[in-house]
Every structure is written in C-alpha cells, then in structure tokens.
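Here the structure is laid out as structure tokens; the discussion comes afterwards.
Note: hydrogens, waters and symmetry copies are ignored here, and every other heavy atom, side chains too, is used. As the structure lists them, so they are numbered: ligands from 1, and atoms in each ligand from 1. Numbers here simply count residues along the sequence, with the first being 1. Quick caveat: nothing in here was measured; it's all calculated off a predicted structure.
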Amino acid sequence: MPGRPFLHVPGPTNVPDRILRAMNVPMEDHRSPAFPALTLPLFEDLKKVFKTTSGEPFIFPSSGTGAWEAVLTNTLCAGDRVLSVRFGQFSHLWIDLAQRHGLDVIVQQERWGDAPSPERIGDALGRDTKHEIKAVLVVQNETATGVTCDIAAIRRVLDAANHPALLFVDGVSSIGSIDFRMDEWRVDGAVSGSQKGFMLPAGFGFACMSPKAREAEAAARGKNPLRRVYFDFEDMRKTNKDGYFPYTPSIPMLYGLRESLRMLFEEGLENVFARHRRLASGVRAAVQRGWGLELCATDPATQSDTVSAVLVPEGVNGAEVIKRAYFRYNLSLGAGLSEVAGKLFRIGHLGDLNELMCLGAIAGAEMAMRDVGIEVAPGSGVAAASEVYRQDGDMQPPCAGVLAGAAARG
Ligand code: PLP
C-alpha cells in the first residue's frame with residue numbers, strides 16, 4: 001500500500017528518522033579505547049530519564065521482559081515472598097515470570113480496567129508483621145488495559161506500614177512518556193524497554209536499581225539467590241564502569257539510544273509528558289465524546305497517557321476492527337489481550353507522535369469501526385479530538401526537533 005503505514009500499537013512505536021539515521025553506522029570494535037566515549041554518557045543520561053542520581057542503570061540486550069527477570073533474579077532468593085497486583089496482561093506476565101522463578105507471589109487481583117488499590121496493598125503489608133514480603137511488584141502503566149497507577153501512593157502505603165519491602169516498578173510503557181520519579185518515590189528497581197517512549201526498535205531492556213536493591217543483591221548472594229548468568233548485575237558492573245559490556249553489545253542500538261536521549265532532552269522531559277497528556281486527551285475525547293464509547297479504564301484519574309483501550313459494543317469482535325484497519329487503511333491498532341481479547345482495541349499514543357498523526361489514527365479507527373458495523377457518526381472522533389488539539393499546545397516551528405538537533409550537533 002502506498003504512503004506511510006500508521007503504527008499505532010502501544011509499542012513498538014515509530015522510530016524517528018533522526019534515530020534511524022543515527023543507527024545507520026558501520027560496525028566498530030566494542031573494545032576499542034574510543035568506545036566508552038559513546039557508552040559512559042548513556043548511563044548518566046538514562047539516570048536523568050529515570051529521575052535518579054543514586055540509581056544504577058543497566059542496559060541489557062533484551063526486551064523489557066529480560067529486565068523484569070534481571071531485577072528479580074539479582075535481588076531475591078528462591079522461595080522469597082513478593083506481593084504483586086494483577087490488573088492486565090503485563091502485570092499477569094510479570095507475576096508468571098516471578099512464579100516460574102520459584103518466588104512465592106501473593107497476587108492481589110483487580111478488575112482489568114482498574115488500577116491497583118494502594119489501600120489493599122497497605123492492608124497486605126500491614127498484615128505481614130514478620131516482614132516476609134521481600135518486594136512489591138507494580139506495573140506503572142498496564143498497557144493491556146490503558147490504566148496508569150499512582151506509584152507515589154504505593155510508596156506512601158509502604159512507608160505508612162513501616163514495611164522494608166523493596167519496591168519494583170515496571171515502567172515499560174511509561175518511562176520516557178509519563179512522569180516517573182525513581183528517587184522521589186524511592187523505587188528500588190525500575191524496568192523499561194527501548195521500543196516505547198525511547199522511540200527505538202525493541203532490543204534493549206533497561207533496569208535501574210537503588211542502593212537498597214544493591215544491598216539486597218549482596219545479601220541474597222550470601223544465601224540462595226535466584227539463578228542468572230546473562231542477566232547478572234555484577235558481571236555488567238565489572239565492565240560497565242569502564243564503558244564496556246560483558247558481551248558484544250548492539251552498536252546501532254547504542255547509537256540509537258544516544259540520539260533518543262538527545263531528542264528527549266531537547267524537547268524536555270516535562271514537555272514530553274505534557275505532549276503525551278495532550279495527545280491522550282484528544283484520543284479520550286474522540287472515544288468518549290465523539291464515538292460515545294467507553295474506555296476499559298473507567299476512572300478518569302487512571303486513564304493512561306500512552307495507550308487507550310477502547311471497548312467495542314456487545315456483539316462486535318474488536319479483532320475485526322483491527323483487521324479492517326490494518327488491511328484497508330494501513331493502520332495498526334493494538335489487540336485486546338487474554339481476558340479482554342475481542343472486547344477492545346487499543347490505540348497507542350506514545351513516542352514520536354503529534355496531533356495530526358493521532359487524528360490519522362482516530363480517523364482510521366473510526367472508518368474501520370463503521371466498516372464492521374459499529375455505529376459511530378462519521379468524523380465524530382476526529383472532530384472531538386481536533387477541538388482538544390486546537391485549544392491546547394504551543395506554537396512551534398515545524399520540525400523543531402530536527403533543527404534543534406542540527407544546532408546541538410553544530
Ligand atoms: N511491561 C509492559 C507494561 C509492557 O507493555 C510490555 C510489553 O508491551 C512488557 C512489560 C514486556 O516487554 P517486552 O515485550 O519488551 O519484553
């Protein structure tokens with residue numbers, strides 16, 4: 001099909017041309033004396049994205065799932081008890097990974113579409129008077145349902161219960177798009193991946209660990225730590241400190257990461273978050289005001305700024321909308337996963353995106369829905385979103401990022 005495909009799944013996201021160009025490099029020696037000039041600043045810059053000064057970032061040649069595994073296996077022992085909340089497919093998968101590593105997971109179940117309840121987490125911690133719960137695992141942004149949870153509130157209940165459990169947060173579809181404050185919220189292990197807010201291909205899993213997590217790692221080493229080899233933080237540390245890796249790193253991905261971080265800082269992290277909020281507000285207006293449909297995330301306070309999960313009317317299979325959008329309009333929408341399969345489709349609105357790109361996705365979704373018999377008024381979603389986009393937002397020179405990037409490089 002001619003023209004650009006519209007990639008509106010919640011990851012992988014569009015890779016900006018600047019990043020593609022930055023990745024188009026000849027291979028080089030990853031043990032050369034020049035290599036640390038590329039890599040060492042990346043660790044420092046990643047800390048800024050995680051909003052930490054004391055945290056220790058790791059870059060694994062994996063996807064987010066690898067970083068999930070690294071965080072748990074480096075800090076916990078076989079049979080350790082952890083507390084987690086299942087409120088969508090990704091929280092479900094992290095729990096599954098923990099269980100398959102032999103952890104004893106207390107699963108707090110929430111309706112898919114609701115956020116984890118800090119009160120219930122607090123209750124569970126309060127009951128744990130012997131402090132057997134070693135870690136609390138929470139997904140900040142449940143990509144399957146479009147629900148964002150309040151990590152600061154979860155930190156508050158840990159503090160209120162005076163509980164020493166580590167706080168591990170999955171920020172795969174939030175970090176770099178939705179505010180995340182590792183130090184302020186005293187997060188002990190934060191996880192992300194390259195293919196969402198970082199606007200890169202999949203291929204890097206990021207883990208950022210607090211000093212307290214490092215103490216837990218040392219303590220676990222003296223007991224019966226979970227098994228890991230490739231994901232061992234200590235192996236990474238030994239070489240990372242001088243700008244190297246214990247194995248052959250992906251050179252294009254490292255150059256891509258450098259460009260991605262430059263782009264995030266040129267726009268300014270707070271502006272990146274505001275843009276995501278603005279784009280999401282338009283999508284929500286399209287869904288609710290324009291189409292008269294519901295979001296899977298019912299509470300406006302928890303509706304995600306990176307992905308909207310749109311419930312389709314009874315009797316319609318959401319997969320049909322996705323199929324129609326893909327084959328007829330060259331638009332990729334996210335599928336309903338597992339428990340919500342067929343009940344919804346997802347519009348990803350994160351990464352390298354602007355208003356008109358979102359309007360394109362809304363228009364495509366609208367046409368695809370009408371094609372499969374969902375009675376939404378033609379143009380209604382686009383009209384509702386465009387009114388939001390007209391009112392909000394600053395005037396900026398076109399391609400500001402490109403010009404600023406060129407200026408920054410001299
Ligand atoms: N956590 C969340 C919130 C996700 O959205 C995803 C993937 O979409 C993952 C974890 C798994 O990450 P990956 O597919 O990069 O392994």
Give the numbers and elements of all ligand 1 atoms closer than 4.0 Å to a heavy atom of [X].
X	result
Gln195	13 (P), 14 (O), 15 (O)
Ser63	13 (P), 15 (O), 16 (O)
Lys196	5 (O), 7 (C), 8 (O)
Thr65	11 (C), 12 (O), 13 (P), 16 (O)
Thr143	2 (C), 3 (C), 4 (C), 5 (O)
Asn141	3 (C)
Asp170	1 (N), 2 (C), 3 (C), 10 (C)

Task: Check: Arg346/Thr145 side-chain N/O donor and acceptor closer than 3.5 Å - done: no

TODO: Would you check if there is a donor-acceptor pair between the side chains of Glu366 and Tyr329 at a distance under 3.5 Å?
DONE: no

Task: Shortest non-hydrogen contact between Gly348 and Leu353, atoms and distance - done: O-CD1, 4.3 Å

Task: Within 6.0 Å of CZ in Arg227, more than 12 heavy atoms from elsewhere - done: no

Open item on the list: Is it true that, when you exclude Lys323 itself, more than 12 heavy atoms of the residues, nucleotides or ligands shown sit nearer than 6.0 Å to its NZ?
Closed with: no

Open item on the list: Please report whether ligand 1 has a polar contact with Trp68, defined as an N or O pair separated by less than 3.5 Å (distance criterion only).
Closed with: no

TODO: Considering heavy atoms of the protein only, find what lies nearest to atom 7 (C) of ligand 1 and give residue, atom and distance to 0.1 Å.
DONE: Phe90 CE2, 3.3 Å

- [ ] Supply the atom-to-atom distance Leu158 CG to Ile133 CD1, rounded to the nearest 0.5 angstrom.
- [x] 9.5 Å

TODO: Hey, can you tell me if Tyr244 and Phe35 have their rings parallel, tilted or perpendicular (30° and 60° cut-offs)?
DONE: parallel

- [ ] Report yes or no: does His276 contribute a side-chain atom to a donor-acceptor pair with the main-chain N or O of Gly351 at less than 3.5 Å?
- [x] yes

Task: ligand 1 contacted by Trp94 (non-hydrogen, < 4.0 Å) - done: no

Open item on the list: Taking a cutoff of less than 4.0 Å between a non-hydrogen atom of the residue and any ligand atom, is Gly64 in contact with ligand 1?
Closed with: yes

